[in-house]
Number of protein chains: 2
Amino acid sequence: MSTASKTRHKYEIVAAGIRATIADSLGPNDALPSERELMEIYNVSRMTVRAAIARLADEGLVYNVHGSGTYVGSPDLFAKAPKLTSFTEDMVSRGYAPSSRVLEVSRVAAVAAVATRLGLTPGEECTKIRRLRLADGNPMALETVYLPGGVLPMEEFDAKSSLYGQLTDRGYEIHRAEQEIHAVTLDEESSGLLAVPLGSAALEIDRVAADRRGHPVEYARTIYRGDRYSFQMAVSRESGDK
Amino acid sequence: MSTASKTRHKYEIVAAGIRATIADSLGPNDALPSERELMEIYNVSRMTVRAAIARLADEGLVYNVHGSGTYVGSPDLFAKAPKLTSFTEDMVSRGYAPSSRVLEVSRVAAVAAVATRLGLTPGEECTKIRRLRLADGNPMALETVYLPGGVLPMEEFDAKSSLYGQLTDRGYEIHRAEQEIHAVTLDEESSGLLAVPLGSAALEIDRVAADRRGHPVEYARTIYRGDRYSFQMAVSRESGDK
DNA sequence: AAGTGGTCTAGACCACCGC
DNA sequence: CGGTGGTCTAGACCACTTC
C-alpha cells in the first residue's frame, strides 16, 4: 500500500515481488512458494497470483510443473521470446551505441513487392527511407524502409529521431510483425557501404510490421553484416493446438 | 454439441467453436460476439471464454481492443509465434518430403563449446550425429547434433526414426530452445555436400534445446542452403514489462 | 494421502471506446 | 452513456507429482 507508485495492477505488483525474491534468494530450478502461499503473502486471490506467474513464465523467468510446483528457469535460457524491436532498441540491448546515416528519403510509387506487403495497390504513394545503421560508429546494417504515404509523408520524416517514435506520435502503434530471414551474398554497393569484402555473407531480415488491428504500417528490409550480427531467439514447443 | 469428442477442457471446446465460427462466417477485422454473449452461447463462465480467446489471440487468429471488442486478425498475419520444430516437422509444414543421409554417428568427448551449451564438463561423453537433410530428395541442410551421453548413447540411436521421437520415448521431452541465427559462407566440404558453389551464403542455426526443467537435451548446428531456405517468424511488441 | 498447478464458476468493479 | 474488454475475488473440483 505504501510504496506503490508506478504499478497499477495487482498482478504487476505480485510479479515484481516475485522477481525481487528470485533475484535476492533463489537460484535456477529452485521452487517458488506455492500459489496458495503467494496468495497469503501478497493478500490477493489465486487468479491474481496466476496472472503474475503467467507473465513471468512467458518471459522464461520461471516454469510450471503440473502437480509439483513453479520453479526458477535456467539463467542461460532467460532470453525472452523474440521481441519486436527497432534497430536502436536492439543495439542498445546488445550494448552498442547506435547511430545512423541517412542515404535516401524519397517519395516512390509502390512496386508490386512493396504494395503486396503493405496492402496497397501498385503505384500508390510510399515514403522510402534508406539508412546505413552503425553500432559504435561502425557499419552494422543497411536498412530500407517503406511506409504508406498516409502513414508518414516524406516531408515529415525527422532523420534525427526514432522512426518508431514518430509513428507512435502519429497514431500508428506497431504491435506485431512478420519477419523472414535469409542468407544473402553482398553485392558491390552493399559491401562497400557495410565495409566488408564483396561476396561476404549477410543476414537479410524482411519485416512487415502492423498495428493492433493488423493494418500494415511498415515494410523494412535490413541487411546485417554476417560477421558482426546474429539473431537470437527463444522458442517453445506447442504454441499451436495439439 | 454434436461432433465434440477429443477435446477435454471446456476452453478448448469454446476455442474450437470460435475457430469454426470464424471459418464459416467471419472475415478479417470482423467483430466476434462479445465475451458475455459467448458465455451464454457456450454456457460457460467468462473466465473460460477468456481462456479460449487468449489461446486464439496467441496464435494471431484474433486480437482484442480494450473497450471495443474482439476481432478477427488479418489472414496474412496468421503465421504463429515461432514454434520449436524438428527438421522433419519443418519440412512437412513447408510441403516438402523430408529425408536424411546419416554421415556420422560417434561417441566424442565434449569440447568446450559443446560442453558449455549442454551444461557438461569438458571431456564428458557425448553422442554426435551428423546428417545431410534432404527435401524432396535435394540437399537442404547439414545438421550436426550433440547429445549428452546419458541422454542417448550412440549405440541406441536409430537412424531410421525421428530423433525427437526417440528422445521423447526415453523421457526427454523437449520443451523450449534458444536459437542463434548467423549468415555464413560455405567451405569446400559443406558446399559439396549441399551441392552449391563454394562460397555460397547459408543460414546457420545453432540451437540448444532443453526439457521443461531447463536441462539441456540437445545442441544442434544446422546449416541451411541460402538459396532454398528462409526462416519465418511472427513477433509482437511488449512481451516484457513496459 | 497430501500438496501442487490446471480448470472452472458466479459474481464484482474498473478503464476504455463509441455514440 | 451503455457496451466492451481488463482485472479481481472467493470459493470449488480435477489432474498430476511426490511420498
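Residue numbering restarts at 1 for every chain, and letters A, B, ... go by the order of the sequence lines.
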For S25(B), the side-chain hydrogen bond (donor to acceptor under 3.5 Å, both in side chains) test, sequence neighbours excluded, returns none

So if I take residues 29-48 of chain A and measure heavy-atom distances to DNA chain C, which residues fall below 4.0 Å? S34(A), E35(A), R36(A), R46(A)

What one should report as the nearest heavy-atom pair of R94(A) and F231(A) is NH2-CA, 4.4 Å

Going by the rule side-chain hydrogen bond (donor to acceptor under 3.5 Å, both in side chains), which residues pair with E155(B) if we only count those two or more places apart in sequence or in a different chain? R107(B)

If the condition is side-chain hydrogen bond (donor to acceptor under 3.5 Å, both in side chains), which residues does Q166(A) pass it with, not counting sequence neighbours? S161(A)

Taken in chain and number order and not counting sequence neighbours, the residues that satisfy side-chain hydrogen bond (donor to acceptor under 3.5 Å, both in side chains) with D30(A) are none

Between P of dG6(D) and CZ of R55(A), the distance in whole Å: 13 Å

If you pin Y71(A) and K10(A) to their nearest nucleotides in DNA chain D, which one's is more 5'? K10(A)

Rounded distance in Å - CD1 (I53(B)) to C1' (dG6(D)): 12 Å

Does a side-chain N or O from Y11(A) land closer than 4.0 Å to OP1 or OP2 of dC8(D), or not? no

Would you list the pairs meeting ring-ring contact (aromatic ring centres under 6.0 Å, His included) in which at least one residue belongs to residues 30-69 of chain A, sequence neighbours left out? Y63(A)-Y71(A)

Please tabulate, one pair per line, each protein N/O and nucleotide N/O from nucleotides 16-19 of chain C that are separated by under 3.5 Å, including the distance.
from	atom 1	to	atom 2	distance (Å)
dC17(C)	O4'	G67(B)	O	3.3

Could you work out, with side chain to side chain contact (heavy atoms under 4.5 Å, CB included) as the rule, every residue matching R221(B), not counting sequence neighbours? E204(B), D206(B), Y219(B)

In whole Å, what is the span from the CZ atom of R50(A) to the C1' atom of dG11(D)? 15 Å

Sequence neighbours excluded, which residues qualify as side chain to side chain contact (heavy atoms under 4.5 Å, CB included) partners of T144(A)? K128(A), R130(A), Y146(A)

Separation of H9(B) atom NE2 from dA15(D) atom C1', in whole Å? 8 Å

